[in-house]
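For ligands, and for the atoms within them, numbers begin at 1 and follow the listed sequence. Computation of the quantities below employed the complete heavy-atom set of this structure, encompassing side-chain atoms and omitting hydrogens, waters and symmetry-equivalent molecules.
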Amino acid sequence: MKVLVLNGPNLGRLGRRQPEIYGSTTYAQLASKCIEWGRALGLQVDVQQTNHEGEMLDWLNSAADSATPVVLNAAAWTHYSYAIFDACAQLTAPLVEVHISDPMQRPEEFRRASVVTPYAVKVIAGHGIDGYRMALEVIAAR
Ligand code: DQA
């Protein structure tokens with residue numbers, strides 16, 4: 001089974017970006033771990049990151065067209081993008097929402113809202129990059 005792991009803005013700087021919040025694992029290391037974790041679960045994982053919302057929408061639209069399961073960390077778009085909300089609404093295969101930190105425990109009020117959660121079969125937050133492994137396990141079990 002194919003799975004898309006899609007990452008939104010600023011996640012390309014993982015490892016260098018606020019390591020006290022997001023940890024020291026780089027984006028490249030995260031991507032290869034996701035591929036390995038997926039392989040162990042019998043999943044063919046394609047990992048992508050973009051800072052451009054239109055590109056993310058294109059990936060979500062093609063996941064909708066191909067009924068491909070998605071693990072999504074929409075990063076800051078999670079909290080305000082109605083275009084991401086509308087794209088998630090079109091998905092038919094399972095969608096798992098992932099966050100490295102736990103937005104609910106962070107001081108900024110804007111992080112409490114998520115446009116992804118209404119369409120997610122599961123939300124995994126606050127488990128660091130291990131959350132991606134947990135998300136792939138959820139997809140593999142369905
Ligand atoms: C994040 C949490 C979001 O609030 C934030 O905007 C991010 C990363 C996370 O993985 O913890 O960019 O999605």
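Residue-to-ligand polar distances place I100 within reach of ligand 1: an N/O pair is separated by less than 3.5 Å. Polar contact with ligand 1: present for S101 (N/O pair, distance under 3.5 Å).
Within the 4.0 Å heavy-atom shell around ligand 1 one does not find T78. The closest approach between any non-hydrogen atom of R17 and ligand 1 is below 4.0 Å. Taking 4.0 Å as the cut-off, H79 counts as a neighbour of ligand 1 on heavy-atom distance.
Checking side-chain atoms of R13 against main-chain N and O of Y27 turns up no donor-acceptor pair under 3.5 Å. Side chain of Q90 to backbone of D86: a donor-acceptor contact under 3.5 angstrom is found. A distance-only check finds no donor-acceptor pair linking the side chain of N73 to the backbone of G8 [under 3.5 Å].
Between H79 and H99, the ring planes are parallel. Angles under 30° get that label, and only those over 60° would be called perpendicular.
Residue-level proximity to ligand 1 for N73 is carried by the side chain, the only part with a heavy atom below 4.0 angstrom.
For ligand 1 and R111, the ligand atoms under 4.0 Å from any heavy atom of the residue are 3 (C), 4 (O), 5 (C), 6 (O). For ligand 1, the atoms sitting less than 4.0 Å from at least one non-hydrogen atom of A76 are 6 (O), 12 (O), numbered in the order shown with element in parentheses.
The shortest heavy-atom contact between L91 and A64 is CD2-N, 3.7 Å. Between A75 and P9, the shortest heavy-atom distance links the atoms CB-O, 3.4 Å. The heavy-atom pair separating V47 from A31 by the smallest distance is CG2-O, 3.8 Å.
Distance from atom 1 (C) of ligand 1 to its nearest protein heavy atom, with residue and atom name: H99 ND1, 3.7 Å.
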